[in-house]
J.: 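Got a structure for you, written out below as structure tokens; questions coming shortly.
Each ligand, and each atom within it, is numbered from 1 in the order the structure gives. The structure displayed is predicted, hence computed values, not measured ones.
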Amino acid sequence: MDTIKEVKRQEEYIEKVKELHQGKTLKYHILTMGCQLNENDSEKLCGMLEKMGYSKTDEFQEADLNLFNTCCVRENAEDKLFGKLGELKRVKEERGTIIAIGGCMMQEKHITDKIKESYPFVDIIFGTHTLYRFPEDLYKALMEKKKQEDILDIDGEIYEGLPIKRDSDIKASVTIMNGCNNFCTYCIVPYVRGRERSREPKAIIKEVQELAKQGYKEITLLGQNVNSYLRVEKEKGIPFEEYEGVHSFATLLKAINKIEGIERIRFVSPHPKDFTDDVIEAIASCDKVCKLIHLPLQSGNTKVLKEMNRKYTKKQYLNLVDKMKAKIPNLTLSTDIIVGFPGETEEEFEDTLDVVRKVRFEQVYMFIYSRRVGTPGDKMENQISEEIKHKRFDRLKALVESQIEENNQKYVGTIQKVLVEGTSKNNEKTLTGRTDNNKVVIFEGDKSLINQMIELKIVSEHIWYLKGSI
Ligand code: 5AD
Ligand code: SF4
């Protein structure tokens, strides 16, 4: 498909919706679930909506359009969506708000069936491959007063040039690739986001250059598997154009590191199996690349890792960490861990605790294994009871928290470079920012410091933040 033509066609629908409202400003409410990729997708949906003449509200009761961007990685998101839809039924009856649901969950047939059956008042459902077509779906829902179902079960293309309304003026996310080819056995992502496809180097570089011009200081590169950027293209001979020397993830980091104005570069998530030496070298040599690397572990046991289809062993993970620490000065790590994968024994879980003790992560995102319909993990017979899963989770959490507390003490008395992000949530008089390794720092200072990189002395530590002084 000609994606440029298609984006133009959607621009025409944006104008048509705007005309339909005849200058009236309507309100929309958006609820975003899940990962940073979804947040970035929501920024695109907000960009389209604002061009169509809608403005954002935090109150779903007063919105003319209620939009959900869903996630299906774990079960709790489903409960949240259905709970909210229940609440919205009354608003729909009283005010006739348009209800639209998009994102990963809509790629699951058992979910869309449930919506059609139990929540027939929903107006639009769209999937991960049809986000760009939202203006057309909305126009048709408004004009034809008919339900729109717009879900494709293919690997969608990459659409460049969609409008975007970013959440922050300081930090920006840039999606560099869509989809995933890894098929970890617990994970639904490859089924709902399709196969890996990388954006053209030129499109990414131009986007970051534009962000730098607008004053953005920090860029986070996003993808399900960022360190295999352009790998599928090379393996399958899918043509792409090299730009500013970019032909891999390592060269992309180097090219972005040269863009004036950008001061920090982060990326999520890499896969340990694709952490090649050139990427390690690029992180070490690029001064703007933050030295906090997210390296998802999932489990510390080799047998569980094999069952999870992660393609590395406990030893290989630990060796990789050692190699990275040796080559990247001041490296810190964060990770994702799942407890209670089917068949995980007490000893196997102990291996996870062992890796956590050894690596001393800066931050650990902990998850209780959640069965996902359609994944191999869901069909495994040796599922772990909820009680055991929760007990293991609590043990891991206690270990992680004790490590974070100890770890934070090492910052007291040090000088840290902090990007000032704004005033604190609970106190207008204090400012908040983040260090290179993503620690929140709270300090007293003038608002003119917002969006500046400053040096702070850390004076005390608390489990979830540090206190600093100018
Ligand atoms: N259950 C629990 N956690 C999961 N994750 C992915 N799938 C599942 C699942 N079925 C976690 C992984 C991944 C993170 C984004 O979510 O740790 O890295
Ligand atoms: Fe899911 Fe594994 Fe792909 Fe990450 S790498 S999105 S955990 S299948």
Side-chain angles (χ1 to χ4, degrees), residues 32-41 70-79 103-105 107-108 111 128 155 173 175-198 220-229 231-232 249 267-275 293-301 304-312 317 333-344 349 352 355-356 361 363-380 383-384 386 388-390 392-393 396-397 400:
T32 306
M33 301 165 178
C35 65
Q36 291 183 61
L37 278 154
N38 249 20
E39 282 169 14
N40 193 224
D41 280 349
T70 61
C71 165
C72 57
V73 167
R74 288 170 297 273
E75 192 177 0
N76 38 16
E78 281 157 31
D79 301 340
C104 294
M105 224 189 271
Q107 296 291 141
E108 297 184 291
I111 299 282
T128 55
D155 298 329
S173 298
T175 298
I176 63 166
M177 61 197 301
N178 294 338
C180 181
N181 285 1
N182 289 326
F183 290 93
C184 301
T185 54
Y186 50 81
C187 189
I188 192 76
V189 167
Y191 305 91
V192 296
R193 289 243 173 208
R195 295 293 66 71
E196 256 175 58
R197 306 164 301 277
S198 294
T220 302
L221 305 176
L222 300 179
Q224 304 295 346
N225 200 5
V226 283
N227 52 348
S228 67
Y229 174 67
R231 189 191 58 191
V232 170
F249 186 59
F267 55 86
V268 276
S269 277
H271 195 303
K273 78 174 165 59
D274 299 316
F275 229 107
I293 305 295
H294 188 65
L295 193 66
L297 168 67
Q298 312 301 1
S299 163
N301 176 267
V304 175
L305 286 167
K306 189 160 186 0
E307 299 277 311
M308 286 177 161
N309 193 30
R310 289 292 291 175
K311 303 201 167 81
Y312 52 86
Y317 186 92
L333 293 163
S334 62
T335 200
D336 288 347
I337 292 176
I338 299 176
V339 301
F341 182 76
E344 181 188 68
F349 172 64
T352 298
V355 174
V356 171
F361 295 103
Q363 220 172 340
V364 181
Y365 300 91
M366 297 167 273
F367 305 105
I368 289 176
Y369 173 69
S370 172
R371 291 176 79 162
R372 305 287 73 209
V373 174
T375 61
D378 185 44
K379 295 189 192 83
M380 293 179 186
Q383 302 288 328
I384 307 287
E386 286 304 312
I388 294 179
K389 281 198 263 189
H390 280 89
R392 286 184 190 161
F393 182 86
L396 174 64
K397 188 164 168 258
V400 166

J.: Measuring from atom CG of Asp378 to atom CD1 of Ile188, what distance do you get when rounded to the nearest 0.5 angstrom?
T.: 9.0 Å
J.: About how many Å separate OH of Tyr317 and CG of Leu295, when rounded to the nearest 0.5 Å?
T.: 3.5 Å
J.: Please confirm whether Phe183 and Tyr191 have ring centers closer than 6.0 angstrom.
T.: yes
J.: Can you sort out the partners of Thr32 under side-chain hydrogen bond (donor to acceptor under 3.5 Å, both in side chains), two or more places apart, ordered by chain and number?
T.: Ser42
J.: In the protein, what heavy atom is nearest to atom 3 (N) of ligand 1, and what distance, to one decimal place, separates them?
T.: Phe367 CB, 3.5 Å
J.: May I ask whether Val189 places a heavy atom under 4.0 Å from ligand 1?
T.: no
J.: Would you mind running through ligand 2 and noting each atom that sits below 4.0 Å from a heavy atom of Arg310?
T.: 2 (Fe)
J.: If you define the side chain from C-beta out and look only at heavy atoms, does anything of Glu75 sit under 4.5 Å from Arg372?
T.: yes
J.: Rounded to the nearest 0.5 Å, what separates atom CZ in Phe341 from atom NZ in Lys389?
T.: 11.0 Å
J.: Give me the residue, atom name and distance of the protein heavy atom closest to atom 2 (C) of ligand 1.
T.: Ile368 O, 3.3 Å
J.: Nearest 0.5 Å, what's the CZ-CD1 distance between Arg74 and Ile338?
T.: 8.0 Å
J.: Ignoring hydrogens, just give me the one of His294, Gln36, Arg371, Gln298 whose non-hydrogen atom is nearest atom 12 (C) of ligand 1.
T.: Gln298
J.: List ligand 1 atoms under 4.0 Å from Arg372, heavy atoms only on the residue side.
T.: 10 (N)
J.: Which protein heavy atom lies closest to atom 14 (C) of ligand 1, and at what distance to 0.1 Å?
T.: Asp336 OD2, 3.5 Å
J.: Is Thr185 reaching over with its side chain to a backbone N or O of Glu307, donor-acceptor style, under 3.5 angstrom?
T.: yes
J.: Which protein non-hydrogen atom lies closest to atom 7 (N) of ligand 1, naming both residue and atom, and how far is it?
T.: Tyr186 CD1, 3.3 Å
J.: Could you identify the single nearest non-hydrogen protein atom to atom 6 (C) of ligand 1 and state the distance to 0.1 Å?
T.: Val73 CG1, 3.4 Å
J.: Just jot down the ligand 1 atoms closer than 4.0 angstrom to any heavy atom of Arg74, in number order.
T.: 1 (N), 2 (C), 3 (N), 4 (C), 5 (N), 11 (C), 14 (C), 16 (O)
J.: So, taking the atom named CE in Met308 and the one named OH in Tyr369, what distance separates them when rounded to the nearest 0.5 Å?
T.: 9.0 Å
J.: To the closest 0.5 Å, what do you measure between CD (Gln363) and CE (Met366)?
T.: 9.5 Å
J.: Which protein N, O or S atoms lie under 2.8 Å from atom 1 (Fe) of ligand 2, given by chain and residue number?
T.: Cys187 SG
J.: To the nearest 0.1 Å, how far is atom 4 (C) of ligand 1 from its closest protein heavy atom, and which atom is that?
T.: Ile338 CD1, 3.6 Å
J.: Quick one: which of Asn182, Asn178, Asn181, Asn225 gives a side chain to side chain donor-acceptor pair (under 3.5 Å) with Glu196?
T.: Asn225
J.: Is the closest side-chain donor-acceptor distance between Gln36 and Thr220 under 3.5 Å?
T.: no
J.: Heavy-atom contacts under 4.0 Å between Ser370 and ligand 1: side chain, backbone, both, or neither?
T.: both
